[in-house]
Amino acid sequence: MKVATWNINGVRARIDNLVHWLNDSAPDIACLQEIKTVDEGFPRAEIEALGYNVETHGQKGFNGVAILSKLPFDEVNRGLPGDDTDEQARFIEGVFSTARGALRVVSLYLPNGNPIDDERKYPYKLGWMARLESWAKERLALEEPLVLAGDYNVIPEPIDAKNPSAWVNDALFQPATRQALRRIEALGFTDALRATTEDSDVYTFWDYQGGAWQKNNGIRIDHLMLSPEAANLLQSASVEKHVRAWEKPSDHVPVVIQLETEATEAAAA
DNA sequence: ATGGTTGGTAGCCAA
């Protein structure tokens, strides 16, 4: 079972890349962020033609998340609980049935939070992370495989940036931001990519500006966080870096994991 | 050195 996350920075501007990538990489479940369209504007037909079920949580112009899945959805939940006044579309959860039982997958787009001195921005980010922590804690009690995939807008450690010093005043690398992510991990989540490599220079985002891609001036901010039950199934994790070199690329690239979801021999016998 | 690039939208904002 291949599960992917990709901030595509506008699904309508990226539809050719998205179709190419789905054919090429063939994820079973793909979590998308920044679709930047209302649900009605999502290019549903093109994706369904490739054999995917499509569930979206869209918004006009900004944000917006989706899950594409070759498996049927048993359940879909939209929006991160904890604040009824929050109208930003940043969270969608799908539940699937595998040979080993239920699998929960979330596509999340965590607030950017910049600039940090704007009271509408950075506090919203930290509040959203606190709500995510509460939600994740509840879900862990189910003791099911759960994948929290998405654009976290968090650089976890200095190793996750080419030039860490350039980010010290940025919301993505603030001590409080990193601490909030560590609190979520401390609940029992595994950072799938970091669990499979200690390498530096593993990035998922390169800014469009300043020749960042050509200089490999990247950061690692797209993550798949695994519940203990999901971590037990983890076989591999990787960054599909080549996608950044495509024509008209997103500034983010897909991150993919392989989970062992086939029936065990004992269960099959 | 506070630079410059893209998407969505509409006469700038978010990233």
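Below, chain A is the first sequence line, B the second, and so on; all start at residue 1.
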Looking for any heavy atom pair under 4.0 Å, which part of the strands does A/Tyr109 touch: base, sugar-phosphate only, or nothing? sugar-phosphate

With heavy atoms under 4.0 Å as the rule, sort A/Gly210 into base, sugar-phosphate or nothing. nothing

Atom-to-atom span, NE2 of A/His252 to P of B/dA14 - whole angstrom: 17 Å

Atom CG of A/Asn17 and atom C1' of B/dT6 are separated, to the nearest Å, by 13 Å

Is the backbone N or O of A/Val95 less than 3.5 Å from a side-chain atom of A/Glu93, with the two atoms forming a donor-acceptor pair by type? no

A/Gln59 atom CD is separated from B/dG7 atom C1', nearest whole Å, by 14 Å

P atom, B/dC12 versus B/dT2: distance in rounded Å? 24 Å

Measuring only between side-chain heavy atoms, which start at C-beta, is A/Trp6 closer than 4.5 Å to A/Cys31? no

Interatomic distance at P, B/dA10 relative to B/dA14, whole Å: 14 Å

On a whole-Å scale, what distance lies between the C1' atoms belonging to B/dG3 and B/dT9? 25 Å

The residue, A/Ile35 or A/Phe205, whose nearest nucleotide of DNA chain B is more 5′ is A/Ile35

Whole Å only: how far is the CD atom of A/Glu34 from the C1' atom of B/dT5? 14 Å

Minimum-distance nucleotide (side-chain atoms of A/Lys60 versus B/dA15, B/dT6, B/dT9): B/dT9

Starting at CG of A/Asp170 and ending at C1' of B/dA14, how long is that distance when rounded to a whole Å? 13 Å

Other residues, nucleotides and ligands only: do more than 12 of their heavy atoms fall within 6.0 Å of CD on A/Gln214? yes

Work out how far the P atom of B/dA1 is from that of B/dG11, and round it to whole angstrom. 36 Å

Select one nucleotide: of B/dG7, B/dA14, B/dT9, the one nearest the side-chain heavy atoms of A/Arg12. B/dT9

I need the CG-P distance between A/Asp207 and B/dG4, as an integer number of Å. 13 Å

Does any part of the side chain of A/Glu260, heavy atoms only, come nearer than 4.5 Å to the side chain of A/Arg100, both counted from C-beta? yes

Polar contact flag, side-chain donor to acceptor under 3.5 angstrom, A/Asn53-A/Glu55: no

Protein-nucleotide distance (A/Phe62, atom CZ; B/dT9, atom P), rounded to Å: 8 Å

Among B/dA10, B/dA15, B/dG7, which nucleotide sits nearest the side chain of A/Lys121? B/dA15

Rounding to an integer number of angstrom, what distance separates B/dG4 and B/dG8 when you compare their P atoms? 23 Å

Check the distance between B/dA14's C1' and A/Asn153's CG and give it to me in whole angstrom. 11 Å

DNA chain B: 5'-proximal contact among A/Asp151 and A/Gln209 (nearest heavy atom): A/Gln209

